[in-house]
Structure formats: structure tokens, C-alpha cells
A.B. asks: 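A single structure is presented below for examination.
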Amino acid sequence: MISALDIYGPFGLRLIWGGLQTCLGDSFSRGVWHRQRGRCQARVMDDHRMPRKLPTRLLNICISSFCKLHGLDKAEAVLIDGIRLGVLPNVVTYNTLVAAYCRFVGIDAGYSVVHRMQVAGIRPNVITYNSLLAGASRQGQASISLDLFEEMLKLGISPNLCSYNTLMHCFFRFGKPDEAYRVFHDIILSGLRPDPTSFNTLINGLCKNGYVDNALMLYRNLKRHQCQLELVTYNILIDGMCKVGRLKTARWILHELGTSGYVPDAITYTTIMKCCFRLRKFEEASEIFSEMKSRGYTFDGFAYCTVMGAFVKTGELRRAVDVAKAMLKSGIKLDIVFYNTLMNIYCKEGKVDAAFALLNEIEEKGLECNDYSYTISINGLCKARNIEGAQRHLQYLCS
DNA sequence: TTAGGGTTAG
């Protein structure tokens, strides 16, 4: 039987393992974090089960796992440990850190890792830049995205489909549909083949920017060319149609979804049902609900809050309260969206005290208020003509 | 072992 010592020499893995143990605390002995289906799980490994892989790869797995758990400091500690033990980081190591810093700290922090990798003599590649592009997109820096794209080209790094898709998403997200559409054309001009991500980004971007008919046209073209669409593509389109009140078209897409071999999911039904409620088509909503039930889907918190919100929007506060009661009765875990919606109902009914009591309940339950909670509460005070109270509340929130 | 997008609630 091969032991870790045979594979990695006298220290290597054992010490990295030790470093990991230090980072993870005492609860795991020689534990390594493995990513499985997007989640990180701890697994204890014995010497004879240790993977026969290069130490740098192991180092990268450890760093990646910590990054995924938001443990950037621990990831850095593992890197230092690795270097100390002579395990040299490679481009994957730094790319992992660039992506994590961009996601959890910001584009500047990501860029500083790029400098570190250059100092270490490692050249950034297309993945490095794609992470930076995604970071710029998340921060709403469309101009930085373009600069990054040019910088990439200057460095002789060819953008790939992921780069184009990210840039397209960035433009759509920040209300620049013309530029986004140009990026889509650039994909074709560069000889790349758009993938489902490209089409989903494009259709969603068109819908969100008010071009639902163009999105529909694109969908028809894709169907004509027998492109394989994903369930989520249909859901995007259905949502786009529902948002502009085109329930009939949404239902037609629902039908097409079925004939394409897909089964609508809870999101599909919730989206259409919300539209029915908004349009006050209660009977139709009820039919959708029955169909949903017959397929075995039950209402989750998202569905309850969707319907509640729809009633609030149509001003039917009593109905909204009924849904809130049903959700309470169902035993589903109450989240901040539920509380915000209920707070909104109370404010609209002029029961500002009751709304503020909910703020305390949120805190007691260990939930965190968000922007909506504050906007709703301040708005409630203003609507009740308690401007002084609103100012005091705002000052309290800012303090 | 590293990168992208997309669907429902307030």
C-alpha cells in the first residue's frame, strides 16, 4: 500500500495537511474540503486514501475550497504554508484568488492579486481576465469592463466565449442594450459559436431592457433553427412577458415548453400565477395553482411572498394578509422578504406601530434587515405624515 | 484544481 510519504516525500502533504488542520480548527483531523455539487463538505482521509496528485494541485483544491467558504484569510494562510513548504503556486492558484477577491471584496482587490502573480513571474491568462470582467460587471463598471477587454487584447490574450458573454451581460445589466447586442455580433464575427449562456443572457437582457418583442423574435429564430433551449430560457421569456402583462403570450410559451419535452417547474408556475393575480384574473390563478398541485409542487416561501406581493400591488391588502396567515400556518421558515412584505401591508394600512414592532421581531429572530426594510419603514412614517419620526429613524439607521 | 449567463417574492 502506498502511503502519503511515498508519494509526497518526507514533509509535503503531511505539513500542508497540518496547516489545514490549524486553519480548520480541532474539529477535523487531517481533513480536506471537497466541493460537491456546489457545496463544501469535510472529509477525513487516511494516509492510504490520499490522492496521488501533485502538491500544487492539492494546494489549489484547498485554496479553492476556502475561497468558496469566503475564507480568504485562510486561503492566504494555506498559500503561505504551501510556499514555505516549497509547493509553488501556479496560474490556477492565483486565478482562484483573483476570482474570490473580485467576488467577495471587489475588483481592485482582484487586480492587486494580478499584480502579485506578475511579481511571482506568472502571466495572467484568459481566465484571470474573465474573473476581473465578472467582478467589474458585478460592480456595475461597464467602462472598466471595456478597458479590461482592451488590456487583454494588448497582452495578446484572446477573449473566449466566456469573456464575450460576461461583457454582454455587463452591458445589458447597466442599460446599454445596443452595446450588448454589438458584443453578441462580435461573438459571431470572431468565429465563436454562441452557447446557451449567450442566448439566455441575450434573451434576458432584451426582456429586462424593454425589448420583449425582439426577445420573442430571437426565440422563434432559435426554434426555427432547432437550437436546443433550456427550461430556464422558457422561464426567462415567460417572466419577460408576464412583467409587461402579456399573459396570453406567456401561456403560449408555457404550452411550447411542454411540447418541447420540458415539464414546467415551480418557478414557471409562480411567475404566471403572479401575473394572473396582478391582472386580477383570480380564476386563472386558481387553475394554475391546481395544475401546480397536481404536478406535486407545493407552495414555498417564494410562492407565498410572490402572491402576497401581487395583492399588495393591486391594493387588496386583506387578501395579502390571508396569504400571510396561510404562510404562517404552513410552518415555512419566515425570511426577511416575508417580514418586509408584511411590514409594507401594515404601513399601507396606516399601522406604523405594528410595522415597527415587526422590525423588533426581525431582530429577535436573528434576521438581518435590508434596504427594503428601511425603505418601507421610512416610507410608512412619511405616509403617516410623521416626517420628524422619519428623519429620526433615518438618522438612527445612519448612526 | 481556476472563469461566464439565466427564471419566481418585498
Side-chain angles (χ1 to χ4, degrees), chain A residues 34-35 51 53-65 67-68 89-100 102-103 110 117 124-135 137-138 159-170 172-173 194-205 207-208 229-240 242-243 257 264-275 277 299-313 320 323 327 335-345 347 370-373 375-376:
Chain A
H34 281 265
R35 188 156 64 97
K53 299 216 172 109
L54 291 173
T56 300
R57 187 169 172 172
L58 176 68
L59 181 80
N60 291 342
I61 292 170
C62 295
I63 288 176
S64 168
S65 301
C67 286
K68 296 237 157 56
N90 61 11
V91 67
V92 176
T93 321
Y94 282 105
N95 281 350
T96 307
L97 287 169
V98 171
C102 283
R103 186 175 289 275
M117 76 192 277
N125 63 13
V126 66
I127 295 179
T128 322
Y129 272 86
N130 286 349
S131 297
L132 291 169
L133 278 170
S137 173
R138 276 190 293 267
N160 62 13
L161 193 54
C162 176
S163 326
Y164 284 109
N165 287 344
T166 310
L167 191 64
M168 179 165 60
H169 168 70
C170 185
F172 269 131
R173 194 170 163 201
D195 66 356
T197 298
S198 319
F199 291 122
N200 288 343
T201 307
L202 186 56
I203 291 176
N204 185 52
C207 286
K208 294 278 191 307
L229 300 176
E230 298 175 328
L231 174 61
V232 75
T233 320
Y234 289 95
N235 282 349
I236 290 169
L237 264 173
I238 287 172
D239 178 58
C242 284
K243 286 234 164 75
L257 180 160
D265 62 7
I267 294 176
T268 322
Y269 286 121
T270 309
T271 308
I272 295 183
M273 204 158 40
K274 176 182 149 194
C275 184
F277 279 118
F299 254 40
D300 58 4
F302 221 109
Y304 275 114
C305 289
T306 302
V307 178
M308 253 170 95
F311 279 135
V312 174
K313 282 235 164 85
V323 180
M327 185 168 164
D335 63 0
I336 189 64
V337 178
F338 171 81
Y339 280 109
N340 286 345
T341 315
L342 196 56
M343 214 158 42
N344 202 10
I345 295 172
C347 287
N370 59 18
D371 292 355
Y372 279 100
S373 328
T375 310
I376 290 166

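Letters A, B, ... mirror the listed sequences (proteins, then strands); counts begin at 1.
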A.B. asks: Can you say whether a donor on the side chain of A:Asn160 sits under 3.5 Å from an acceptor on the base of B:dA3, or the other way round?
C.D. replies: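 Under the 3.5 Å cut-off, the side chain and the base do form a donor-acceptor pair.
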
A.B. asks: Centroid-to-centroid, A:Phe338 to A:Tyr304, below 6.0 Å?
C.D. replies: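 Ring-ring flag for A:Phe338/A:Tyr304: false, centres at least 6.0 Å apart.
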
A.B. asks: Without decimals, in angstroms, what is the distance between A:Phe199 CZ and B:dG5 C1'?
C.D. replies: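 Nearest whole value for this atom pair: 13 Å.
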
A.B. asks: Given the structure, check if the side chain of A:Asn370 and the base of B:dG10 hold any donor-acceptor pair shorter than 3.5 Å.
C.D. replies: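 Yes, the side chain and the base share a sub-3.5 Å donor-acceptor pair.
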
A.B. asks: For A:Asp300, check side chain to side chain contact (heavy atoms under 4.5 Å, CB included) against everything at least two apart and list the hits.
C.D. replies: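 Checked A:Asp300 against side chain to side chain contact (heavy atoms under 4.5 Å, CB included); matches are A:Phe302, A:Ala303.
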
A.B. asks: Tell me what A:Asp300 touches on the nucleic acid: a base, only sugar-phosphate, or nothing, going by heavy atoms under 4.0 Å.
C.D. replies: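 If one applies the 4.0 Å heavy-atom cut-off, A:Asp300 turns out to touch nothing in the nucleic acid.
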
A.B. asks: Need one value for A:Thr341: base, sugar-phosphate or nothing, where a base atom within 4.0 Å counts as base even if backbone is also close, heavy atoms only.
C.D. replies: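 If one applies the 4.0 Å heavy-atom cut-off, A:Thr341 turns out to touch the sugar-phosphate alone, with no base involved.
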
A.B. asks: In terms of side-chain heavy atoms of A:Ser64, which of B:dT2, B:dT8, B:dT7 is nearest?
C.D. replies: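 Nucleotide nearest to A:Ser64's side chain: B:dT2.
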
A.B. asks: Counting any heavy atom closer than 4.0 Å, what does A:Arg173 reach on the DNA or RNA strands: base, sugar-phosphate only, or nothing?
C.D. replies: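 It contacts nothing in the nucleic acid.
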
A.B. asks: Kindly write out the residues that satisfy side chain to side chain contact (heavy atoms under 4.5 Å, CB included) with A:Thr341, not counting sequence neighbours, or none if the list is empty.
C.D. replies: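 If we apply the side chain to side chain contact (heavy atoms under 4.5 Å, CB included) test to A:Thr341, skipping adjacent residues, the hits are A:Met308, A:Val312, A:Val337.
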
A.B. asks: For the side chain of A:Asn344, starting at C-beta, report the closest nucleotide among B:dT8, B:dT2, B:dG10.
C.D. replies: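 Ranking B:dT8, B:dT2, B:dG10 by closest atom to the A:Asn344 side chain puts B:dG10 first.
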
A.B. asks: Can you find an N or O donor on one side and an acceptor on the other, under 3.5 Å apart, linking the side chain of A:Thr197 with the base of B:dG5?
C.D. replies: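 Present.
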
A.B. asks: Provide, to the nearest angstrom, the distance between the NZ atom belonging to A:Lys243 and the P atom belonging to B:dT7.
C.D. replies: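 Spelled out: NZ on A:Lys243 to P on B:dT7 is 8 Å.
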
A.B. asks: Is there a donor and acceptor pair closer than 3.5 Å between the side chain of A:Asp239 and the base of B:dT7?
C.D. replies: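 Side chain to base: no pair present.
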
